[in-house]
Amino acid sequence: MSTSELTFRIALDADVPGLVGLIESAYRGDVSWTTEADLLAGRRTDPDAVTAVVRHETGRLLIAERDGELIACCQIEHRGDHAYFGMFAVRPELQGGGLGRVILAEAERTAQEIWDAREMRMTVIRQRTELIAWYERRGYRRTGECTPFPYGDERFGVPRRPDLEFELLVKPLG
C-alpha cells in the first residue's frame, strides 16, 4: 500500500457525521476484521460521543484522508506523562493493507511531538486476541491489568457474553 497520498489532520465538528459512520463500520460491521459484532451488539458510538472527543481540551481526534476522503481515525489524549490511544478505525475495505500501522505510528509520533509523551496506553477487550496480537507485534505489551466492561451502559454496546473486560496495553515511546 502506498502511503504517499495520505494526509493527516485534526478532526473538526463538521467531520462528526462521517466519523460516526466510519467508527460504526469498523467496530460493528460484518466485513471488518476489527469488528466486535460477535462480542457486542448495538452502537459503538454516536454523534455526541464523537463530538466530545473532537472538542476534548487535552486530546485530538486524528483523521487520515486520501484525496480528501476520510479513510481512518484515532483518538489520542494527553494524560500526564503518557498518552491514551482509542477510537481507532480504518475503513473495512482498506484493512489488512498496512494502513493501520501507518495511523498508529502517526498517533505515537504526534503524542511525542505535542505532549512529549513517554508512553502510549490503550485498553482492548481482553477477548479480542487477534487484535491484541496485532498490537503486540507493534511493540505493545499486555499488562494483565483488567477493568470490567461497563455492563448496563449501552453507550459501549450491548454485550453478547457475560465475561467481557478491558486489558491495559502499554508501549514506551521515544
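Residues take their numbers from the sequence shown, with the count starting at 1.
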Rounded to the nearest 0.5 angstrom, the CZ-CG distance for R141 and L169 is 9.5 Å

Could you check if a side-chain atom of R66 sits within less than 4.5 angstrom of a side-chain atom of L94, using non-hydrogen atoms only? yes

In this structure, would L12 and I71 fall into the same cluster of hydrophobic residues linked by side-chain contacts under 4.5 Å? no

Separation of I63 CD1 from L22 CG (nearest 0.5 Å): 9.0 Å

Give a yes or no on whether F85 and F8 share a hydrophobic cluster (residues Ile, Leu, Val, Met, Phe, Trp, Tyr; joining criterion: side-chain heavy atoms under 4.5 Å apart). yes

If you look at every heavy atom in L40 and F149, which pair is closest and at what distance? CD2-CZ, 3.5 Å

Taking the side chain as every heavy atom from C-beta outward, state whether M120 and I76 have any pair of such atoms under 4.5 Å apart. yes

Output for pair (T129 OG1, E136 CD), nearest 0.5 Å, gives 10.0 Å

Do the rings of H78 and W115 sit parallel, tilted or perpendicular, given the 30° and 60° boundaries? parallel

If every non-hydrogen atom of M122 is compared with every non-hydrogen atom of Y84, which pair is closest and at what distance? CA-CE1, 3.7 Å

Verify same cluster id: M87, W134 (apolar side-chain graph, 4.5 Å): yes

Same apolar cluster: V158 and F166, side chain cutoff 4.5 Å: no

Determine whether Q75 and L61 make a side-chain contact, defined as any pair of heavy atoms from C-beta on separated by less than 4.5 Å. yes

Hey, are the side chains of L62 and I103 touching, using non-hydrogen atoms and a 4.5 Å cut-off? no

Is there a side-chain contact between E106 and L6 (heavy atoms, below 4.5 Å)? no

Sorted by chain and number, sequence neighbours left out, side chain to side chain contact (heavy atoms under 4.5 Å, CB included) with L39 holds for I125, Q127, R128, R161, L164

With rounding to the nearest 0.5 angstrom, report the CD to CD distance, E77 to E57. 11.0 Å

Provide the closest heavy-atom pair for A26 versus Q95 in the form atom of the first, atom of the second, distance. CB-NE2, 4.1 Å

Show every salt bridge (charged side-chain N to carboxylate O under 4.0 Å, His left out) that has at least one partner inside residues 82-92, sequence neighbours left out. E69-R91, R91-E93

Do E167 and V124 have side chains that approach each other closer than 4.5 Å (heavy atoms only, starting at C-beta)? no

Do other residues, nucleotides or ligands put more than 12 heavy atoms under 6.0 Å from R155 CZ? no

Count the heavy atoms of every other residue, nucleotide or ligand shown that sit under 6.0 Å from CD of E145, and state whether that count exceeds 12. no

Give the ring-plane orientation class for Y135 versus F88, where under 30° counts as parallel, over 60° as perpendicular and anything between as tilted. tilted

Hey, are the side chains of T58 and H56 touching, using non-hydrogen atoms and a 4.5 Å cut-off? yes

What heavy-atom pair brings P162 and Y151 nearest, and what distance separates the two atoms? C-OH, 3.0 Å

Rounded to the nearest 0.5 Å, what separation is found between the CD atom of E65 and the CG atom of D15? 7.0 Å

More than 12 heavy atoms of other residues, nucleotides or ligands under 6.0 Å from CD of E165: yes or no? yes

Indicate if V20 and V53 have the same hydrophobic cluster label, given that clusters are the connected sets of ILVMFWY residues with side-chain heavy-atom separations under 4.5 angstrom. yes

If every non-hydrogen atom of G42 is compared with every non-hydrogen atom of E24, which pair is closest and at what distance? O-OE1, 4.5 Å

State, yes or no, whether a side-chain contact exists between R28 and E36 at a heavy-atom distance under 4.5 Å. yes

Scan residues 38-52 for pairs that pass side chain to side chain donor-acceptor pair (under 3.5 Å), counting only residues two or more places apart or in two chains. none

Nearest 0.5 angstrom please: L173 CG to R121 CZ, how far? 11.0 Å

If you look at every heavy atom in L70 and A72, which pair is closest and at what distance? CD1-O, 3.6 Å

